[in-house]
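To start, the structure under review is shown below, and the notes come after it.
Please read these numbers as outputs of a predicted model, since none were measured by experiment. All ligand and atom numbering here is 1-based and tracks the order in the structure.
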Amino acid sequence: MKTPFVTQAQLQEIVKHYPTPFHIYDEKGIRENARKLKAAFAWNPGYREYFAVKATPTPGILRILKEEGCGCDCSSLTELLLSEKIGNVGEKIMFSSNDTTAEEFQKAAELGAIINLDDLTLVDYLEKSIGYIPEKVCCRYNPGGTFTLGETREGFQVMDNPGDAKYGMTRTQIAEAFKIMKSKGTKEFGIHAFLASNTLSNEYYPALAKILFELAVDLQKETGCHITFINLSGGIGIPYEPEQPANDIAVIGEGVRKAYEEVLVPAGMGDVSLCTELGRFMLAPYGHLVTTAIHEKHIYKEYIGVDACACNLMRPAMYGSYHHITVMGKEDAPCDHKYDVAGSLCENNDKFAVDRMLPKVDMGDLLVIHDTGAHGFSMGYNYNGKLRSAELLLCEDGSVKLLRRAETVDDYFATMVFDA
Ligand SMILES: *Cc1c(COP(=O)(O)O)cnc(C)c1O
């Protein structure tokens, strides 16, 4: 059972001021979750979460997370600028980019960000771009092959294919990168890896941590480089489907602590700080896409046409992802109608749900599409001339704040050259 964080009465009030579709975020949920994460890693003195800005690049959200102690994980120039604008600079920025431009490295260096190098060739490129190699640098590791977890909870496999991923350096390359940078004055080294996405398992982070901790011990011995931080990146998932079990961040933190005490402490590396770059886990459950049913269509299947489309939330169209839908005011009605819930794009994959059992939907009903707080609005686009929606915040005191206005037709035309 998934319950929206807004009530029907609240939404009916909100739509008087902000027409659907819009994304709305839950300040209370965001803060409580961020505090649980912090508590789970409180045993590690240097711990910091760097929120993956790409998941929700919205100043009002980044500021809430900043107040909860989070930095920003950026991977582009505009994400760096956004982080600067909300006051996260210096070591509160982790710059985990790939295929990076000189301009991006220059801005990252100017802000004093921790630079996470995706490739061995970037050591030279970084030095040419900014004129030096920083004193503190991170390198991204790719172990190749496939990554699977032995222990999985019923029905859920954790499996991914690092060997097919464009990111990171091989084991040999990371050692070489460390040695070169040490010779150029780097004093503090970090390692990073992202091996599986949207994992529903309390074992993922501990397993990843063990791999990185063992690598850190080996690398420190082999290269003499002082490894002072380890970046566990993103990848902790959320249960998009109502029956899926949620991860328990306290159990995850404890699992990582065990690996830390088994591997790092005996090697005399008990001073290593940890950091994370979570996006989905921090925000996805605390966002809803709110849309209105505007048409029904009865052909070979039953369709409900809504006023949102894949431009507002691309995941179902792009990955076939499940997003739960609540028909507001009908929470207790039987789900005895089978619908495709579709947007208006001239693309047949523009469907938020296919063959979904829902209560009977009437025109004008408000639909809440769940778990859109991360990789939701941010993946939006303008296909078919669709305009980006507004983003709202449901504040802790129950009031509603505008975080981003909806795009207008003028915004859409602003970059076009009409007399060319
Ligand atoms: C996307 C990304 C993240 C965040 O991933 P989530 O699955 O949202 O936790 C973190 N780090 C890097 C480098 C990424 O590309």
Problem set entry | Residue selection (non-hydrogen contact nearest atom 9 (O) of ligand 1) among Ser96, Ala52, Gly235 | Gly235
Exercise. With distance as the sole criterion, is a donor-acceptor pair present between the side chains of Thr276 and Glu49 under 3.5 Å?
Worked result: yes
Problem set entry | Location of contacts on Asn198 toward ligand 1, heavy atoms closer than 4.0 Å | neither
For this session: If you have a sec, work out which protein heavy atom is nearest atom 2 (C) of ligand 1 and how many Å separate them, to one decimal?
Result: Lys54 NZ, 2.4 Å
Exercise. So which heavy atom in the protein is nearest atom 11 (N) of ligand 1, and how far is it from that ligand atom?
Worked result: Glu277 OE1, 2.7 Å
Exercise. Does the pair Lys2/Asp371 count as a salt bridge with the N-to-O cut at 4.0 Å?
Worked result: yes
Exercise. Under 30°, 30 to 60°, or over 60°: which ring-plane class applies to Tyr25 and His23, parallel, tilted or perpendicular?
Worked result: parallel
For this session: Identify, for atom 5 (O) of ligand 1, the protein heavy atom at the shortest distance, and state residue, atom and that distance.
Result: Phe194 CE1, 3.5 Å
For this session: For Ala55 and ligand 1, answer yes if some heavy atom of the residue is under 4.0 Å from a ligand atom, otherwise no.
Result: no
For this session: With heavy atoms of Arg280 as the reference, note each atom of ligand 1 found under 4.0 Å away.
Result: 6 (P), 7 (O), 8 (O), 9 (O)
Exercise. For ligand 1, which atoms have a heavy atom of Gly279 less than 4.0 angstrom away?
Worked result: 4 (C), 6 (P), 8 (O), 9 (O)
Exercise. Any side-chain donor-acceptor pair under 3.5 Å between Thr326 and Glu331?
Worked result: no
Problem set entry | Salt bridge Lys28-Glu32, side-chain N to carboxylate O under 4.0 Å | yes
For this session: Determine the minimum heavy-atom distance between Asn198 and Gly237, stating which atoms define it.
Result: OD1-CA, 3.0 Å
Problem set entry | Residue portion contacting ligand 1 (non-hydrogen atoms closer than 4.0 Å) for Met282 | neither
Seminar exercise, completed: So the atoms of ligand 1 within less than 4.0 Å of a heavy atom of Arg140 turn out to be 13 (C)
Problem set entry | Sub-4.0 Å atoms of ligand 1 with respect to non-hydrogen atoms of Asp73 | 10 (C), 11 (N), 12 (C)
Problem set entry | Salt bridge present between Lys210 and Glu262 (N-O < 4.0 angstrom) | no
Exercise. How about His288 and His370: are their ring centroids closer than 6.0 Å?
Worked result: yes
